[in-house]
Amino acid sequence: MGGEYGTEANEEHRASMHGGKFRHIYVESRVLGLERTERMLARFPEAEVIEIRHYKDIFNRRRQDPAVQHKSQNLIIAAKEGRLVYPGAPVCQSFGNAHFFYTSCVMNCVFDCEYCYLKGMYPSGNLVIFVNLEDIFKEIRGLLSQFPVYLCVSYDTDLMAVEGLTGYVEEWARFVRDNPGLSIEVRTKSPRLCTEAIREAAPEDGRVIYALTLSPDEVIHSCEHGTGTLEGRLRAAQSFMDAGFPVRLCFDPMIYMPGWEEVYGRMIRRASEMIDFSRVRDFSVGSFRISETYLKPMRRVLPRAAVVQYPFELTGGYYHYPAALADRMELFMEYEIRLRAEDAEIFRWEE
């Protein structure tokens with residue numbers, strides 16, 4: 001697990017786990033000794049393990065700086081309480097599904113994207129992993145007894161980025177296989193390739209969808225720190241397609257920068273060279289938007305981040321680019337996709 005984010009040759013490792021070692025691991029008393037807990041602790045034999053009563057005693061402390069903490073994250077292992085499955089958020093796309101939900105078995109992310117809403121949502125930059133997956137599964141079964149469910153499982157984190165530590169993507173794939181009526185989306189910026197374990201765990205009817213968020217390298221280098229390169233993500237997408245999984249390509253969020261048309265045009269040309277767009281399940285297109293509640297604290301903790309300091313417009317509690325600019329960016333991307341796949345199914349976020 002050692003090493004730092006660095007060489008391209010080691011990209012899958014550095015962007016698929018954690019770039020360094022957790023120096024401190026906080027563990028709730030009630031999950032000590034559980035198989036999942038012990039398996040994770042074994043990955044960090046040099047870490048100081050600190051027993052705690054409740055994860056919020058650490059995660060919700062006052063006067064934390066999430067941006068600084070993220071540079072040297074600690075790990076918290078806990079059990080999640082209360083409601084475990086939630087209706088999908090208005091800023092996210094339902095992809096035409098009537099019963100759209102999300103769940104969070106991990107809070108925060110090992111990646112460090114400057115525009116990520118988690119920086120405004122959480123008071124801490126530390127990583128929380130919940131080990132009581134069975135409780136989440138039970139709640140989902142209750143929903144499935146009423147209607148089919150479309151579930152985002154990589155919503156408040158990037159599950160593929162920590163798959164080597166948690167194995168949760170494989171566990172989710174197995175759960176989907178055993179529960180007809182459930183479909184999940186695993187969204188990621190990781191270059192981690194499809195593993196044999198994940199492939200063998202999943203159903204054969206396309207109910208596990210891998211959604212690769214694609215960004216130009218200029219955006220990746222400037223504000224998606226630690227994530228896979230564009231080519232790394234495209235290789236990952238191809239590996240999942242080759243394994244028979246439906247793949248969604250997400251050009252969302254599109255980030256404005258000077259010369260954005262050239263930057264995004266170059267990106268989609270490279271993407272279409274590596275991926276046969278006619279084999280892609282569908283595409284997601286959307287420009288950056290974020291809740292007013294989250295952007296204000298993000299601007300405080302990231303005063304030099306151009307991506308969050310942009311003079312956005314505010315409509316109905318959500319910040320976004322000026323309507324004309326957002327429309328131009330999204331229509332540009334739609335046009336470029338259809339040049340390469342005329343019959344492509346494209347989902348564009350709308351208020």
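Being a predicted model, the structure only gives us computed values, none of them experimental.
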Quiz item: Is the ring centre of Phe288 less than 6.0 Å from the ring centre of Phe312?
Solution: yes
Quiz item: Checking Asn132 side chain against Lys80 main chain: does a donor-acceptor pair fall under 3.5 Å?
Solution: yes
Self-check item: Parallel, tilted or perpendicular, as decided by the 30° and 60° cut-offs, for the rings of Phe251 and Phe283
Solution: parallel
Quiz item: Hey, does the side chain of Glu231 reach the backbone of Ala271 with a donor-acceptor pair shorter than 3.5 angstrom?
Solution: no
Quiz prompt | Glu28 side chain to Ala79 backbone, donor-acceptor under 3.5 Å | solution = yes
Quiz item: Is the CD atom of Glu273 crowded by more than 12 outside heavy atoms at less than 6.0 Å?
Solution: yes
Self-check item: Distance (rounded to the nearest 0.5 Å) between Met254 CE and Ser287 OG
Solution: 7.5 Å
Quiz prompt | Contact summary for Val106 and Phe130, nearest pair of heavy atoms | solution = N-CD1, 4.4 Å
Exercise. Mind checking the CD-CG spacing from Glu313 to Leu325? Nearest 0.5 Å is all I need.
Key: 9.5 Å
Practice problem: Any chance you could lay out the salt bridge (Lys or Arg N to Asp or Glu O under 4.0 Å) test for Arg328 and Glu261, step after step, and finish with the verdict? | Solution: CA-CA 10 Å; Arg328 200 170 133 216; Glu261 287 176 292; 3.2 Å; yes
Self-check item: Side-chain (Thr229) to main-chain (Gly232) donor-acceptor, under 3.5 angstrom
Solution: yes
Quiz item: Should Glu292 and Tyr319 count as side-chain neighbours, where that means a heavy-atom distance under 4.5 Å?
Solution: yes
Quiz item: What is the minimum heavy-atom distance between Val280 and Asp282, and which atoms define it?
Solution: CG1-O, 3.2 Å
Quiz item: Does any non-hydrogen side-chain atom of Tyr321 lie less than 4.5 Å from one of Arg289?
Solution: no
Quiz item: When you look at Arg177 and Val208, which way does the side-chain contact (heavy atoms from CB on, under 4.5 Å) test go after all the steps?
Solution: CA-CA 9 Å; Arg177 182 189 62 197; Val208 178; over 6 Å; no
Self-check item: Hydrophobic cluster partners of Leu339 (side-chain heavy atoms under 4.5 Å)
Solution: Tyr335
Quiz prompt | Cluster check Val68, Tyr115: I/L/V/M/F/W/Y, side chain < 4.5 angstrom | solution = no
Quiz item: Is the closest side-chain donor-acceptor distance between Arg340 and Ser272 under 3.5 Å?
Solution: yes
Quiz item: Can you pull the salt bridge (Lys or Arg N to Asp or Glu O under 4.0 Å) pairs that have at least one residue in residues 121-150, sequence neighbours excluded?
Solution: Arg36-Glu134
Quiz prompt | Over 12 non-hydrogen atoms of neighbours within 6.0 angstrom of CZ in Arg23 | solution = no
Quiz item: If every non-hydrogen atom of Pro203 is compared with every non-hydrogen atom of Ala173, which pair is closest and at what distance?
Solution: CD-O, 3.7 Å
Self-check item: From Cys250 atom SG to Tyr210 atom OH, the distance as rounded to the nearest 0.5 Å
Solution: 14.0 Å
Quiz item: Which pair of heavy atoms, one from Thr103 and one from Trp172, lies closest together, and at what distance?
Solution: CG2-CZ2, 3.7 Å
Exercise. Begin with the C-alpha distance, continue with both residues' side-chain angles, and end with the deciding distance and a verdict on side-chain contact (heavy atoms from CB on, under 4.5 Å) for Tyr117 and Asp156.
Key: CA-CA 9 Å; Tyr117 71 93; Asp156 291 338; 2.4 Å; yes
Practice problem: Compute the centroid of each ring, for Phe147 and then for His99, and state whether the two points are separated by less than 6.0 Å. | Solution: yes
Exercise. Hey, can you tell me if Phe137 and Phe175 have their rings parallel, tilted or perpendicular (30° and 60° cut-offs)?
Key: parallel
Practice problem: Report yes if some heavy atom in the side chain of Val149 is under 4.5 Å from a heavy atom in the side chain of Asn179; otherwise report no. | Solution: no
Quiz item: Any side-chain heavy atom of Val186 within less than 4.5 Å of one from Met160?
Solution: yes
Quiz item: Can you find a pair of side-chain heavy atoms, one from Val110 and one from Val162, that are under 4.5 Å apart?
Solution: yes
Quiz item: Hey, does the side chain of Ser154 reach the backbone of Leu159 with a donor-acceptor pair shorter than 3.5 angstrom?
Solution: yes
Practice problem: Taking the side chain as every heavy atom from C-beta outward, state whether Phe111 and Ser190 have any pair of such atoms under 4.5 Å apart. | Solution: yes
Exercise. Please tell me if the side chains of Arg266 and Arg270 come closer than 4.5 Å, counting only heavy atoms from C-beta onward.
Key: no
Exercise. With side-chain contact (heavy atoms from CB on, under 4.5 Å) as the test, would you mind laying out the steps for Ile58 and Ile52 before giving the verdict?
Key: CA-CA 8 Å; Ile58 303 299; Ile52 58 174; 4.0 Å; yes
Practice problem: Given salt bridge (Lys or Arg N to Asp or Glu O under 4.0 Å), test Glu81 with Arg30 step by step and report yes or no. | Solution: CA-CA 12 Å; Glu81 302 170 306; Arg30 57 184 165 170; 3.0 Å; yes
Quiz item: Where the side chain of Asn108 meets the backbone of Asn126, is there a donor-acceptor pair that is under 3.5 Å apart?
Solution: yes
Exercise. Under the salt bridge (Lys or Arg N to Asp or Glu O under 4.0 Å) rule, what do Asp158 and Arg187 come out as? Steps first, then yes or no, please.
Key: CA-CA 7 Å; Asp158 191 313; Arg187 187 169 297 208; over 6 Å; no
Quiz item: Can you name the nearest heavy-atom pair linking Met298 to Gly120, along with the distance?
Solution: CG-N, 3.3 Å
Exercise. Return yes if a side-chain donor-acceptor contact under 3.5 Å exists between Asp65 and Gln69, otherwise no.
Key: no
Quiz item: Counting only N and O atoms by type, is there a donor-acceptor contact under 3.5 Å from the side chain of Asp217 to the main-chain atoms of Leu230?
Solution: yes
Self-check item: Lys/Arg N to Asp/Glu carboxylate O, Glu334 vs Arg348, below 4.0 Å
Solution: yes
Exercise. For atom CD of Gln146, decide whether the heavy atoms of other residues, nucleotides or ligands shown that lie under 6.0 angstrom number more than 12.
Key: yes
Quiz item: Atom NE2 in His70, atom OH in Tyr122: separation rounded to 0.5 Å?
Solution: 11.5 Å
Quiz item: Do NZ/NE/NH1/NH2 and the carboxylate oxygens of Lys71 and Asp112 come within less than 4.0 Å?
Solution: yes
Quiz item: Are the charged groups of Arg199 and Asp242 less than 4.0 angstrom apart, N to O?
Solution: no
Practice problem: Please round to the nearest 0.5 Å and tell me the distance separating atom CZ of Arg233 and atom NZ of Lys189. | Solution: 6.0 Å
Exercise. Output, in order, the C-alpha distance, side-chain angles, deciding distance and verdict of side-chain contact (heavy atoms from CB on, under 4.5 Å) for Glu163 and Ile198.
Key: CA-CA 10 Å; Glu163 178 64 7; Ile198 288 174; 4.2 Å; yes
Quiz item: Have Glu336 and Tyr264 got a donor and an acceptor in their side chains that come within less than 3.5 Å?
Solution: no
Quiz item: Would Phe59 and Tyr26 count as a ring-ring contact (aromatic ring centres under 6.0 Å, His included) if you check the C-alpha gap in whole Å, the side-chain angles of each, and the deciding distance to 0.1 Å?
Solution: CA-CA 10 Å; Phe59 195 74; Tyr26 299 90; over 10 Å; no
Quiz item: Can we say Arg207 and Glu185 salt-bridge, meaning some charged N sits less than 4.0 Å from an Asp/Glu carboxylate O?
Solution: no
Quiz item: Distance-only, no hydrogens or angles: does the Glu330 side chain make a donor-acceptor pair with backbone N or O of Asp327 under 3.5 Å?
Solution: no
Quiz item: Hey, is the main chain of Leu193 close enough, under 3.5 Å, to the side chain of Ser239 for a donor-acceptor pair?
Solution: no
Practice problem: Would you confirm whether the ring centroid of Tyr86 sits within less than 6.0 angstrom of the ring centroid of Phe101? | Solution: no
Quiz item: Is there a side-chain contact between Leu234 and Leu214, using heavy atoms and a 4.5 Å cut-off?
Solution: yes
Exercise. Would you give the length of the straight line joining atom CD1 of Ile77 to atom CD of Glu51, rounded to the nearest 0.5 angstrom?
Key: 12.5 Å
Quiz item: Got a sec: does the CD of Glu262 have more than 12 other heavy atoms crowding it under 6.0 Å?
Solution: no
